[in-house]
Amino acid sequence: MNIPFLDNWRQRQGGTRPGSLAAAVRTDPEGVAELFAECELLRARAGQRGLELDDSPASLAALDQLTPVWRDDPEELPWVGNDAGLYLGTVLVRTVPGAVWDILASGQPVVRLASGREIDVVAAGLDWAMSGSPELSEMYAESAESGPEAKTR
């Protein structure tokens, strides 16, 4: 999977090979979580509409209410979708007990819940960006119900 900000991260890590992201999740989960939480394009687009993304479940519901102007730009659409998925994953990891980032053998980042269930957050973000469905807040609620009760922020 091509995640645009990974090149910058690899440079900071001394040229880490792409396959090493899975190892980084095991050795530096906080660093990888911080990397995935950047979501620069999504945060910028939300900010332009007066929405500050604070990594809370409520911010997912607010994102669901934005007018999807990114659908008018076929070049921006996949990037917003990728960021939306990583943002969904960030909110899950930060608020659902036992939720952690994991990297599949294919290189795809997923969120693994305490129950063992894997959430392909990037695919969910792309679906949301393209069609608005499922809503990010719905995905969060469904995932949070799959495990222990969500932490409060």
Smallest heavy-atom separation, Pro57 atom then Val91 atom, equals N-CG1, 3.7 Å

What distance separates Asp73 CG from Arg45 CZ, expressed to the nearest 0.5 Å?
-> 8.0 Å

Answer yes when Arg43 and Glu38 have at least one side-chain N-carboxylate O distance shorter than 4.0 Å, and no when they do not.
-> no

Here the gap from Leu41 atom CG to Trp79 atom CH2, rounded to the nearest 0.5 Å, amounts to 9.5 Å

Under 3.5 Å side-chain donor-acceptor pair for Asp55 and Thr90 | no

Do the side chains of Val110 and Val96 join up, straight or via other hydrophobic residues, at under 4.5 Å, putting them in one cluster?
-> no

Given the rule that I, L, V, M, F, W and Y join up when any side-chain heavy atoms are under 4.5 Å apart, are Leu86 and Val100 in one cluster?
-> no

If only atom types and distance count, is the side chain of Thr67 paired as donor or acceptor with the main-chain N or O of Val69 below 3.5 Å?
-> no

In this structure, are over 12 heavy atoms from other groups packed under 6.0 Å from Glu75 atom CD?
-> no

Which atoms form the tightest heavy-atom contact between Val121 and Pro109, and what is the distance?
-> CG2-O, 4.4 Å

Please lay out, stage by stage, how Tyr87 and Leu92 fare under the test side-chain contact (heavy atoms from CB on, under 4.5 Å).
-> CA-CA 9 Å; Tyr87 185 70; Leu92 285 166; over 6 Å; no

Is there side-chain contact between Val111 and Asp102, with heavy atoms separated by less than 4.5 Å?
-> no

Please check if Leu77 and Trp128 belong to a single hydrophobic cluster, counting links between Ile, Leu, Val, Met, Phe, Trp and Tyr side chain heavy atoms closer than 4.5 Å.
-> yes

Salt-bridged, Glu142 to Arg117, with N to O below 4.0 Å?
-> yes

d(Glu135 CD, Leu88 CG) to nearest 0.5 Å is 12.5 Å

Separation of Asp83 CG from Trp70 CH2 (nearest 0.5 Å) | 11.0 Å

Distance col, row Asn82:CG vs Leu126:CG, nearest 0.5 angstrom, shows 6.0 Å

Assess whether side-chain contact (heavy atoms from CB on, under 4.5 Å) is satisfied between Gln108 and Ile103, documenting all intermediate values.
-> CA-CA 6 Å; Gln108 179 75 12; Ile103 305 298; over 6 Å; no

Just wondering, are more than 12 heavy atoms of other shown residues or ligands nearer than 6.0 Å to CD in Glu34?
-> no

The reported gap from CD in Glu138 to OG in Ser143 (rounded to nearest 0.5 angstrom) is 11.0 Å

Could you walk me through whether Leu104 and Glu118 pass side-chain contact (heavy atoms from CB on, under 4.5 Å), step by step?
-> CA-CA 10 Å; Leu104 301 179; Glu118 293 175 349; 3.6 Å; yes

Could you tell me which non-hydrogen atom of Asp64 sits nearest to which non-hydrogen atom of Ser137, and how far apart they are?
-> OD2-OG, 2.6 Å

Scanning both residues in full, the closest heavy-atom pair of Leu113 with Ala99 reads CD2-CB, 4.0 Å

So, for Tyr140 and Leu60, which heavy atoms are closest and what is the spacing to 0.1 Å?
-> CB-CD1, 3.5 Å

Minimal heavy-atom distance between Ala114 and Pro97, with the atoms involved, is CB-O, 4.0 Å

Heavy-atom side-chain proximity of Asp127 to Pro134 below 4.5 angstrom | yes

Determine, stepwise, if the pair Met139 / Ile119 fulfils side-chain contact (heavy atoms from CB on, under 4.5 Å).
-> CA-CA 9 Å; Met139 285 294 299; Ile119 311 294; 4.1 Å; yes

